[in-house]
Asks: 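Handing you a structure now.
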Amino acid sequence: HTFTRRYLCIASGKFIEDSGIYNYPIAENRYIANKKRVSPTGKEAITHYKIIKRLRKNLNLCLVELKTGRTHQIRVHFSYKGHPLVGDALYNGNTNLLKRQALHSYEVDFIHPIKNERVYVKCELPLDMKKIVEEYKPLFATKEEYDIRLFYISLFKSQQYLISYFRQEIMSPAFST
């Protein structure tokens, strides 16, 4: 029987890839109680992620699916890769926007062990996380829209430069003779 768990989280930092797999073993932290760490001697931990929305201020709404279920797995993996969750003080996340981890159990999907029927449960993003997503939403809906805007800005600046250059040339004493 398969048991699928998907989470939504708000992670910080600039991601290079839009999706990926974190496959790093997790163990107890020897120095801090109730904290975990990536360690070669730890237990297998596999986390799949996909960025749903890139937000301003280097925030990212991510969909995460666990292939294993270690304690603090998402928090440990994201922090280890330099993308701590918003509000996650234990794993170096910024607590200015949220006083709890920006982590939400979004979907659970499994076959009921007795009825042998599919059970699917989905729970929308909580209001405090929705507020962050809305407040830091990107200024442009798509990367294409952003690229087009940059093109027009650079074109406008080029035109401004040319106009300025020709005004200087026309007004220069060498040109007026």
Asks: If the condition is side chain to side chain donor-acceptor pair (under 3.5 Å), which residues does Y7 pass it with, not counting sequence neighbours?
Replies: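 For Y7, no residue satisfies side chain to side chain donor-acceptor pair (under 3.5 Å) once neighbours in sequence are set aside.
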Asks: Looking at K137 and E134, is there a salt bridge between them, counting it only when a charged N and a carboxylate O are closer than 4.0 Å?
Replies: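 Looking at E134 and K137, the cut-off is met.
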Asks: Can you name the salt bridge (charged side-chain N to carboxylate O under 4.0 Å, His left out) partners of E17, sequence neighbours left out?
Replies: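 For E17 there are no salt bridge (charged side-chain N to carboxylate O under 4.0 Å, His left out) partners, ignoring immediate neighbours.
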Asks: Please find the pair of heavy atoms, one from R75 and one from L90, that lie closest to each other, and give the distance.
Replies: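 Nearest heavy atoms, R75 then L90: NH2-CB, 3.6 Å.
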Asks: List for me each residue that meets salt bridge (charged side-chain N to carboxylate O under 4.0 Å, His left out) alongside E135, sequence neighbours excluded, and say none if there are none.
Replies: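 Once residues adjacent in sequence are excluded, E135 has no partner under the salt bridge (charged side-chain N to carboxylate O under 4.0 Å, His left out) criterion.
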Asks: Sequence neighbours excluded, which residues qualify as side chain to side chain donor-acceptor pair (under 3.5 Å) partners of D109?
Replies: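 Counting only residues at least two positions away or on another chain, D109 forms a side chain to side chain donor-acceptor pair (under 3.5 Å) with R118.
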Asks: Restricting to side chain to side chain donor-acceptor pair (under 3.5 Å), what partner residues turn up for N34, sequence neighbours left out?
Replies: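 Listed in chain order: nothing, the list is empty.
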Asks: Is there a continuous path of hydrophobic side-chain contacts, each under 4.5 Å between heavy atoms, that joins L85 to L61?
Replies: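 No, separate clusters.
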Asks: Is a donor on one side and an acceptor on the other found under 3.5 Å between the side chain of N94 and the backbone of N96?
Replies: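 At least one qualifying donor-acceptor pair exists.
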Asks: State yes or no: are the ring centers of Y80 and Y22 separated by less than 6.0 Å?
Replies: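 No, the ring centres sit 6.0 Å or more apart.
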Asks: Once side chain to side chain donor-acceptor pair (under 3.5 Å) is applied, do any residues pair with K115, and if so which ones, sequence neighbours excluded?
Replies: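 So K115 forms no side chain to side chain donor-acceptor pair (under 3.5 Å) with any residue.
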Asks: Indicate yes or no for a side-chain donor-acceptor contact from H83 to the backbone of F78 under 3.5 Å, with no hydrogens or angles considered.
Replies: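 Absent.
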Asks: With sequence neighbours left out, which residue pairs that include part of residues 26-35 fulfil the salt bridge (Lys or Arg N to Asp or Glu O under 4.0 Å) condition?
Replies: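 Qualifying pairs: E28-K36.
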Asks: Just jot down the salt bridge (charged side-chain N to carboxylate O under 4.0 Å, His left out) partners of R5, sequence neighbours excluded, or say none.
Replies: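 With neighbours one apart ignored, the set is empty.
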Asks: Please report the closest heavy-atom contact between L55 and V133, naming both atoms and the distance.
Replies: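 Where L55 meets V133 most closely, the heavy atoms are CD2-O, 3.8 Å.
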Asks: Give, for atom CG of N29 and atom CD1 of I26, the distance between the pair rounded to the nearest 0.5 Å.
Replies: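 Reported value, rounded in 0.5 Å steps: 12.0 Å.
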Asks: Less than 4.5 Å apart, side chain to side chain, heavy atoms only: is that true for H104 and P126?
Replies: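 The answer is yes, as the side chains (C-beta and beyond) meet within the 4.5 Å cut-off.
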Asks: So, using salt bridge (charged side-chain N to carboxylate O under 4.0 Å, His left out) as the criterion, who are the partners of R37 when residues are at least two apart?
Replies: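 So R37 forms no salt bridge (charged side-chain N to carboxylate O under 4.0 Å, His left out) with any residue.
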Asks: Identify the two heavy atoms, one from N92 and one from P84, that lie closest to each other, and give their separation to 0.1 Å.
Replies: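 Taking every non-hydrogen atom into account, O-CG, 3.5 Å.
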Asks: With sequence neighbours excluded, give me every salt bridge (Lys or Arg N to Asp or Glu O under 4.0 Å) pair touching residues 58-72.
Replies: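 For residues 58-72: R6-E65, E65-K67.
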Asks: Distance-only criterion, 3.5 Å: show the donor-acceptor pairs between side-chain atoms of residues 44-53 and protein atoms not counting sequence neighbours.
Replies:
| unit_1 | atom_1 | unit_2 | atom_2 | d |
| --- | --- | --- | --- | --- |
| T47 | OG1 | Q73 | NE2 | 2.8 |
| T47 | OG1 | H77 | ND1 | 2.7 |

Asks: Which ILVMFWY residues are connected to Y31, directly or by a chain of links, through side-chain heavy atoms under 4.5 Å apart?
Replies: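 Once heavy-atom contacts under 4.5 Å are chained together, Y31 belongs with I32.
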Asks: Of the non-hydrogen atoms in G87 and T95, which two are nearest, and what is the gap between them?
Replies: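 Shortest heavy-atom contact: O-CG2, 3.8 Å.
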